[in-house]
Amino acid sequence: MLGLQIGCIIKLERLKKNLSQEDIGLTIGSNGMMVGRIERAEISTSWQNLLKICQAVGLKYESLFQLKSLEENLKIAESCLKLEKKLTKENKIIINL
């Protein structure tokens with residue numbers, strides 16, 4: 001659950017700053033694919049990578065690890081969907097509900 005929360009928080013901050021996954025990847029010396037996999041909680045990453053990502057998007061590192069309620073996490077996910085520019089068909093349906 002924490003991995004999903006961390007990924008959503010990172011994604012929301014990235015989208016607020018109008019940055020792509022590739023932008024963040026290049027900034028931290030990696031690639032957009034890795035950033036996307038972290039945002040989707042497909043992989044765990046080192047604290048060093050999380051710290052670099054936080055610095056790139058302007059997040060406080062420790063804020064990633066403060067467990068949020070289900071409602072708070074759903075609001076974060078909803079905000080991400082609203083800011084997302086490349087939407088899948090499924091996400092478009094969710095937004096229109």
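- Among residue pairs with one or both ends in residues 21-61, those qualifying as ring-ring contact (aromatic ring centres under 6.0 Å, His included) are Tyr61-Phe65; sequence neighbours excluded.
- Residues Met1 and Ile6 fall into different hydrophobic clusters, defined by Ile, Leu, Val, Met, Phe, Trp and Tyr side chains chained together at heavy-atom separations under 4.5 Å.
- Note that CD1 of Ile9 is 9.0 Å distant from SG of Cys54, once rounded to the nearest 0.5 Å.
- If you take CD1 on Ile53 and OG on Ser30, they are separated by 8.0 Å, rounding to the nearest 0.5 Å.
- Across all their heavy atoms, Thr27 and Ala56 have their closest contact at CG2-CB, 3.9 Å.
- Contact between Cys80 and Cys8 at its shortest, heavy atoms only, is SG-O, 3.6 Å.
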Quiz: residues 18-25 side-chain donor-acceptor pairs under 3.5 angstrom, not counting sequence neighbours:
| from | atom 1 | to | atom 2 | distance (Å) |
| --- | --- | --- | --- | --- |
| Asn18 | OD1 | Lys85 | NZ | 2.8 |
| Ser20 | OG | Glu22 | N | 3.3 |
| Ser20 | OG | Asp23 | N | 2.9 |
| Ser20 | OG | Asp23 | OD1 | 3.3 |
| Ser20 | OG | Asp23 | OD2 | 3.2 |
| Gln21 | NE2 | Glu39 | OE1 | 2.8 |
| Glu22 | OE1 | Gly32 | N | 3.1 |
| Asp23 | OD2 | Ser20 | N | 2.9 |

Test log, rule side chain to side chain contact (heavy atoms under 4.5 Å, CB included), inputs Asn31 and Leu26: CA-CA 6 Å; Asn31 60 54; Leu26 291 172; over 6 Å; no
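- Applying the salt bridge (Lys or Arg N to Asp or Glu O under 4.0 Å) definition to pairs two or more places apart or across chains, those involving residues 41-54 are Arg37-Glu42, Arg40-Glu42.
- Put simply, CD1 on Ile43 and CD1 on Ile38 are 5.0 Å apart, with the number rounded to the nearest 0.5 Å.
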Side chain to side chain contact (heavy atoms under 4.5 Å, CB included) evaluation trace for Ser46 with Asn49: CA-CA 5 Å; Ser46 68; Asn49 282 338; 3.6 Å; yes
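- Every pair tested for ring-ring contact (aromatic ring centres under 6.0 Å, His included) that includes a residue from residues 18-46 fails, sequence neighbours excluded, so the list is empty.
- No donor-acceptor distance shorter than 3.5 angstrom exists from the side chain of Gln55 to the backbone of Leu50, with no hydrogens or angles considered.
- Hydrophobic clustering, with ILVMFWY side chains joined whenever heavy atoms are under 4.5 angstrom apart, groups Leu2 together with Leu64.
- Pairs engaging residues 19-44 under the ring-ring contact (aromatic ring centres under 6.0 Å, His included) rule: none recorded [sequence neighbours left out].
- To the nearest 0.5 Å, atoms CG (Leu83) and NZ (Lys17) are separated by 11.0 Å.
- Applying the salt bridge (Lys or Arg N to Asp or Glu O under 4.0 Å) test to every pair with at least one member in residues 57-76, sequence neighbours left out, gives no pairs at all.
- Separation of atoms CD (Glu13) and OG (Ser79) is listed at 10.0 Å; rounding is to 0.5 Å.
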From CA spacing to verdict: side chain to side chain contact (heavy atoms under 4.5 Å, CB included), Leu4, Asn73: CA-CA 9 Å; Leu4 288 171; Asn73 280 312; over 6 Å; no
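- For the atom pair CG of Leu51 and OG1 of Thr45, the computed distance is 11.0 Å after rounding to the nearest 0.5 Å.
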